[in-house]
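Down below is the structure, laid out as structure tokens.
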Amino acid sequence: MNDVSRAAALLRAGELVAFPTETVYGLGADARNAQAIARIFAAKGRPADHPLIVHLPAAEHLDRWAVDIPEAAHRLAAAFWPGPLTLILKRQPDVLDAITGGQDTVGLRVPNHPLALQLLREFGGAHGGGLAAPSANRFGHVSPTTAAHVREELGDAVALILDGGPCAVGIESTILDLSAGEPRILRPGMLDAAAIGRVLGLVPAFGGKPDAPRVSGSLEAHYAPRTSLQLVAAAELAATARRTLAAGRRVAVLSSLPLGFDHENLVWRPAGADPAQFAHDLYARLRELDALACDLILVATPPLDDAWRAVADRLRRAAAGAK
Ligand code: TXA
Ligand code: MG
């Protein structure tokens, strides 16, 4: 039996399997099995009212999970699935409350990774089954973008980790709410508002309505390394690092260009110069820098530009969440 078949069999038996997607690694469980879903929450240490995304092998069985599907959902699915877009739709009544957090909506996506698609087809293909899969990290930690990260985060809590190499996108999918009239982006991702706007014919707004479902990705303290992280204007980076070093503290710097000086208590790591490369490397770099046990991680504030929005969002949360 190959790994994917073994993974599908484990999932059918109610076990947890971590698998690669194009965004980050997911911690998968049978979305129809309440006990398996409970294991996800236990393994992650995640509060029970945080809803999970259901991953499907294709858009064709969308109606097993959602009702009142707007035409826009079909157009977006045709344009971007498989891909880094999660659609929030009205749920079918039989979708487990543990998946939806008790809300009347469900998050659905078809991920774009050959191993994930193989697994989803083998697990749910003909029957419209799906896998609930949050990012495969402990609650509040940085999402994993390699199989080794998953092992560090969850170790024995998962029956099998499918290794598909480093994730191509590197940060979580764009979440688009289509359940409440006007489309809204609840979580920015590398699939940006302009691309979605071209398909919808209008550019979606950002942020949920005040009474909208809670998105754990909308908590400030999320995606956080343990080390304090501070965002600093690129032009101020060297001066800030010098001041911190002068105070006897150890500093790690993540920026596209080196600072131009060396110091025994200074570590520099390159950040991608464009948003796609930056996103691709971000979580792996944060993990590396976190492991150095410095006193402070300094990161250059990304440009105020739509293309950088998702990266800026994750950095802001990392800065808010780090102790
Ligand atoms: O890229 C991704 O989306 C990754 C990969 C594994 O697919 N998954 C991921 O899952 O980031 P997770 O659980 O770490 O984040 C899912 C986010 C949460 O913030 C959750 O609150 C939100 O999606 N979400 C899920 N269902 C929702 C719903 N019905 N309404 C509003 N937000 C929802
Ligand atoms: Mg997550």
Side-chain angles (χ1 to χ4, degrees), residues 16-29 31 37 40-41 43-56 65-66 80-92 95-113 115-117 119-120 130-145 149-150 153-154 162 164 167-180 184-191 207-209 211-224 279 283 310 313-314 317-318 321:
L16 303 183
V17 170
F19 62 92
T21 81
E22 79 281 36
T23 58
V24 301
Y25 274 70
L27 176 62
I37 301 307
I40 288 185
F41 286 93
K44 281 186 64 90
R46 176 161 164 156
D49 60 344
H50 283 234
L52 302 175
I53 296 170
V54 177
H55 296 66
L56 303 175
W65 299 89
F80 299 121
W81 282 353
L85 174 67
T86 296
L87 297 179
I88 306 294
L89 299 169
K90 294 216 175 78
R91 71 189 272 190
Q92 277 285 4
V95 178
L96 293 172
D97 282 337
I99 295 282
T100 66
Q103 305 170 70
D104 59 0
T105 58
V106 61
L108 298 161
R109 97 174 183 101
V110 179
N112 188 16
H113 189 291
L115 270 184
L117 288 170
L119 177 65
L120 286 162
L131 295 178
S135 52
N137 51 279
R138 303 270 312 161
F139 182 67
H141 286 194
V142 172
S143 296
T145 54
H149 296 165
V150 179
E153 286 283 331
L154 299 173
L162 290 177
C167 299
V169 175
I171 63 175
E172 303 79 358
S173 61
T174 305
I175 300 182
L176 182 71
D177 187 358
L178 292 177
S179 71
R184 302 186 74 93
I185 293 181
L186 302 184
R187 179 175 71 183
M190 295 309 284
L191 181 70
K209 298 201 181 117
D211 63 341
R214 215 148 62 84
V215 185
S216 77
S218 69
L219 295 178
E220 280 304 326
H222 212 68
Y223 312 103
Y283 290 151
D313 169 80
R314 300 311 188 277
R317 292 174 204 286

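Remember, it's 1-based here, ligands and their atoms both numbered in the order they're listed.
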Which atoms of ligand 1 sit under 4.0 Å from any heavy atom of [X]?
X: Val106; result: 29 (N)
X: Ser173; result: 1 (O), 2 (C), 3 (O)
X: Thr105; result: 28 (C), 29 (N), 30 (N)
X: Gly107; result: 26 (N), 29 (N)
X: Thr23; result: 1 (O), 2 (C), 4 (C), 5 (C)
X: Ile175; result: 17 (C), 22 (C), 23 (O)
X: His55; result: 5 (C), 6 (C), 7 (O)
X: Gly26; result: 6 (C)

With the threshold set at under 4.0 angstrom, would you say [X] reaches ligand 1 through any of its heavy atoms?
X: Val24; answer: yes
X: Ala133; answer: yes
X: Arg187; answer: yes

field: Test item: Glu22 side-chain N/O and His113 main-chain N/O as donor-acceptor pair under 3.5 Å
entry: no

If you measure only the distance, is there a donor-acceptor pair under 3.5 Å linking the side chains of [X] and [Y]?
X: Ser173; Y: Thr86; answer: yes
X: Ser179; Y: Arg184; answer: no
X: Ser135; Y: Glu172; answer: no
X: Arg109; Y: Thr21; answer: yes

task: Enter the distance from Leu162:CG to Phe19:CZ here, rounded to the nearest 0.5 Å.
output: 8.5 Å

Which heavy atom of [X] sits nearest a heavy atom of [Y], and at what distance?
X: Gly130; Y: Trp65; result: N-CZ2, 3.5 Å
X: Ile40; Y: Ala132; result: CD1-O, 3.7 Å
X: Ala98; Y: Ile37; result: CB-CG2, 3.7 Å
X: Val24; Y: Ser143; result: CG1-CB, 3.8 Å

Could you tell me whether [X] approaches ligand 1 through its side chain, its backbone, both or neither, with non-hydrogen atoms closer than 4.0 Å?
X: Arg109; result: side chain
X: Arg46; result: side chain
X: His50; result: neither

field: Option with minimal heavy-atom separation from atom 26 (N) of ligand 1, where the choices are Pro144, Gly189, Pro111, Pro51
entry: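 Of the listed residues, Pro51 has the closest heavy atom.
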
query: Considering Val54, Thr86, Ile88, which one's heavy-atom position lies nearest to atom 31 (C) of ligand 1?
result: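 Closest candidate by heavy-atom distance is Ile88.
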
task: Could you tell me whether any N, O or S atom belonging to Ser143 is less than 2.8 Å from the Mg ion (ligand 2)?
output: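 No, since none of the N, O or S atoms of Ser143 sits under 2.8 Å from the Mg ion (ligand 2).
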
field: Any N/O pair Ser135/ligand 1 closer than 3.5 Å
entry: yes

- prompt: Taking N or O atoms only and a 3.5 Å limit, does Lys44 qualify as a polar contact for ligand 1?
  reply: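 No: no nitrogen or oxygen of Lys44 is under 3.5 Å from one in ligand 1.
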
field: Proximity of His50 and Phe41 rings by center, below 6.0 Å
entry: no

message: So, using salt bridge (Lys or Arg N to Asp or Glu O under 4.0 Å) as the criterion, who are the partners of Asp97 when residues are at least two apart?
response: Arg91

